[in-house]
Amino acid sequence: MASAQFSQYKDLIAEGDLALIWISRGNIKAVTIDAKETFNTRYGSFPHKDMIGKPYGSQIAIRTRGGTGRFSFVHVLQPTPELWTLSLPHRTQIVYTPDSSYIMQRLGCGPHTRVIEAGTGSGSFSHAFARTAGHLYSFEFHPVRYEQARLEFEEHGLLAENVTITHRDVCEDGFTIKKGDTTSQEFAEGGADSVDLNADLVFLDLPAPWDAIPHLDDVITKTDRAGVCCFSPCIEQVDKTIEALEKNGWSSIEMVEIQGRQYESRRQMVRSVEDAMQRCRDIKRRKVEGIEKKKRLIEQDRLDKENKDAAPRKREPLTEKSQFNPFGKGTRVKEGDPNFQWKQVTKIEAEIKSHTSYLTFAYKLVDKSRDEAAVQQYLDNLAA
Ligand code: SAM
């Protein structure tokens with residue numbers, strides 16, 4: 001069923017909606033709401049009918065199995081391109097939000113932009129383009145992937161809005177969409193036999209973008225500047241892509257990579273000199289205790305060996321749990337505990353999570369001539 005849930009906000013969860021169920025970070029599942037169905041997880045079963053009528057974002061709770069009196073819960077969210085990217089069925093490598101958002105921003109993607117994307121792959125970036133662009137022309141040469149993406153775009157209401165998907169090897173056959181092609185494009189009876197793509201933004205996520213680049217002149221805008229981004233995982237591909245871009249008259253070529261890290265706002269305990277002294281004393285005490293304990297164990301082992309028939313050794317009682325130590329081990333203190341002093345700090349993830357490919361950007365202005373009359377008029381106005 002086609003729905004416009006990716007482009008229009010909804011307040012309430014309704015029968016037939018595509019909803020994303022957030023089970024945990026990194027575990028989001030897409031479901032079509034059906035009052036007769038139940039959403040099963042290893043934490044328990046959530047009947048869809050409990051979700052219907054509730055606002056999107058609601059927490060749905062159930063008692064866990066085994067009568068422990070505990071609750072399990074999930075959150076039901078309205079789909080967005082960002083959440084879809086995290087939950088979609090992977091048919092290929094996909095473009096993630098740190099890259100897609102940067103590419104769209106850098107190439108100025110907006111409600112009037114006409115975008116070409118090849119290949120469609122799992123349709124991750126297609127959903128982000130569809131929300132922002134005027135029209136998206138997506139191309140995929142793998143027949144099964146093309147059909148799956150076409151079906152998914154239809155179900156998500158994208159084909160009815162601003163997306164066209166075409167089954168095509170763009171490296172061999174270029175980007176022009178004609179009557180008779182395997183495409184979601186509909187041709188009106190008696191109308192034009194081909195589509196004027198007039199694209200101002202091109203995104204190529206292909207193994208050999210250099211073979212597709214020469215075909216772009218036929219489909220990019222002739223009156224404005226067109227921008228292209230090629231997404232390539234290795235630097236040798238970037239090299240070949242830049243060569244092809246230069247050869248085909250693209251300029252202002254730049255390559256970037258996105259290294260995304262999460263910034264987290266945290267509270268950190270404010271420590272005094274006395275705390276530091278306490279910590280040093282604590283380390284020293286533990287060290288001495290450890291050495292003593294080791295000595296005792298070695299001695300005990302020696303005695304055990306001497307007397308094999310000796311009664312089983314009694315385990316030493318564990319050392320008393322240390323008092324709170326703000327620098328290290330000891331009683332756990334909850335972040336923000338009002339018994340201690342805290343300051344607000346920023347923590348950055350050590351690991352870079354978002355680099356998947358290099359992004360090569362370039363621009364082309366096909367018609368470099370200028371409207372002399374308009375220029376003269378402008379100069380006259382300045383002089384007046
Ligand atoms: N950007 C996509 C996303 O975010 O889901 C992923 C694209 S995936 C890495 C690359 C896709 O390009 C594959 O599905 C592959 O079948 C398709 N492809 C490769 N060569 C192609 C060509 N010459 N013409 C059209 N599609 C092609």
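Atoms within a ligand are numbered from 1 in the order they appear, just like the ligands themselves. Source: prediction; values computed, not measured.
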[X] side chain to [Y] side chain, donor-acceptor N/O pair below 3.5 angstrom:
X: Ser126; Y: Glu117; result: yes
X: Gln278; Y: Asp282; result: no
X: Thr85; Y: His127; result: no
X: Ser232; Y: Ser357; result: no

same_hphob_cluster([X], [Y]) at 4.5 Å side-chain heavy-atom cutoff:
X: Val31; Y: Phe73; result: no
X: Val366; Y: Leu216; result: yes
X: Phe39; Y: Ile33; result: yes

Show me which atoms of ligand 1 lie under 4.0 Å from any heavy atom of [X].
X: Ser122; value: 5 (O)
X: Cys171; value: 23 (N)
X: Pro207; value: 19 (C), 20 (N)
X: Leu206; value: 18 (N), 19 (C), 20 (N), 21 (C), 22 (C), 26 (N), 27 (C)
X: Asp169; value: 22 (C), 23 (N), 24 (N)

Minimum non-hydrogen distance to atom 9 (C) of ligand 1, winning option of Glu172, His142, Gln93: Gln93
Which is closest to atom 8 (S) of ligand 1 in terms of heavy atoms, Thr92, Val144, Thr166? Thr92
Spell out, as yes or no, whether a donor-acceptor pair under 3.5 Å connects the side chain of Asn40 to the backbone of Ser45. no
For [atom], the protein heavy atom that lies nearest, with its residue and separation:
atom: atom 26 (N) of ligand 1; result: Phe141 N, 3.2 Å
atom: atom 16 (O) of ligand 1; result: Glu140 OE2, 2.5 Å
atom: atom 25 (C) of ligand 1; result: Arg168 O, 3.1 Å
atom: atom 12 (O) of ligand 1; result: Gly119 CA, 3.4 Å
atom: atom 1 (N) of ligand 1; result: Asp205 OD2, 2.9 Å
atom: atom 13 (C) of ligand 1; result: Arg145 NH1, 3.2 Å
atom: atom 4 (O) of ligand 1; result: Val95 N, 3.0 Å
atom: atom 2 (C) of ligand 1; result: Thr120 O, 3.4 Å

Side-chain atoms of residues 191-208: list all donor-acceptor pairs with protein atoms under 3.5 Å, sequence neighbours left out, distances to 0.1 Å.
| unit_1 | atom_1 | unit_2 | atom_2 | d |
| --- | --- | --- | --- | --- |
| Asp200 | OD1 | Arg114 | N | 2.7 |

Per-residue contact class, Arg91 against ligand 1 - non-hydrogen pairs under 4.0 Å: neither
Side chain, backbone, both or neither: Ala212 near ligand 1, heavy atoms under 4.0 Å: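 Neither part.
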Value for OG (Ser138) from CZ (Phe125), rounded to nearest 0.5 Å, stands at 11.0 Å
For the CH2 atom of Trp84 and the CZ atom of Phe6, what is their distance to the nearest 0.5 Å? 5.5 Å
Contact (N/O only, under 3.5 Å) between Gly123 and ligand 1: yes
Are any of the N/O atoms on Val170, whether in the backbone or the side chain, positioned under 3.5 angstrom from an N/O atom of ligand 1?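 Indeed, backbone or side chain, Val170 has an N or O that close.
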Examine Arg225 relative to Tyr363 and say whether NZ or CZ is less than 6.0 Å from the centre of the six-membered ring and inside a 45° cone about the ring axis. yes
Answer yes or no for Leu88: is there a heavy-atom contact with ligand 1 below 4.0 Å?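 Not so, Leu88 does not reach ligand 1.
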Heavy-atom gap Ala118 to ligand 1 smaller than 4.0 Å: no
Could Glu299 and Arg302 be called an ion pair, given the rule that one side-chain N must be under 4.0 Å from one carboxylate O? yes
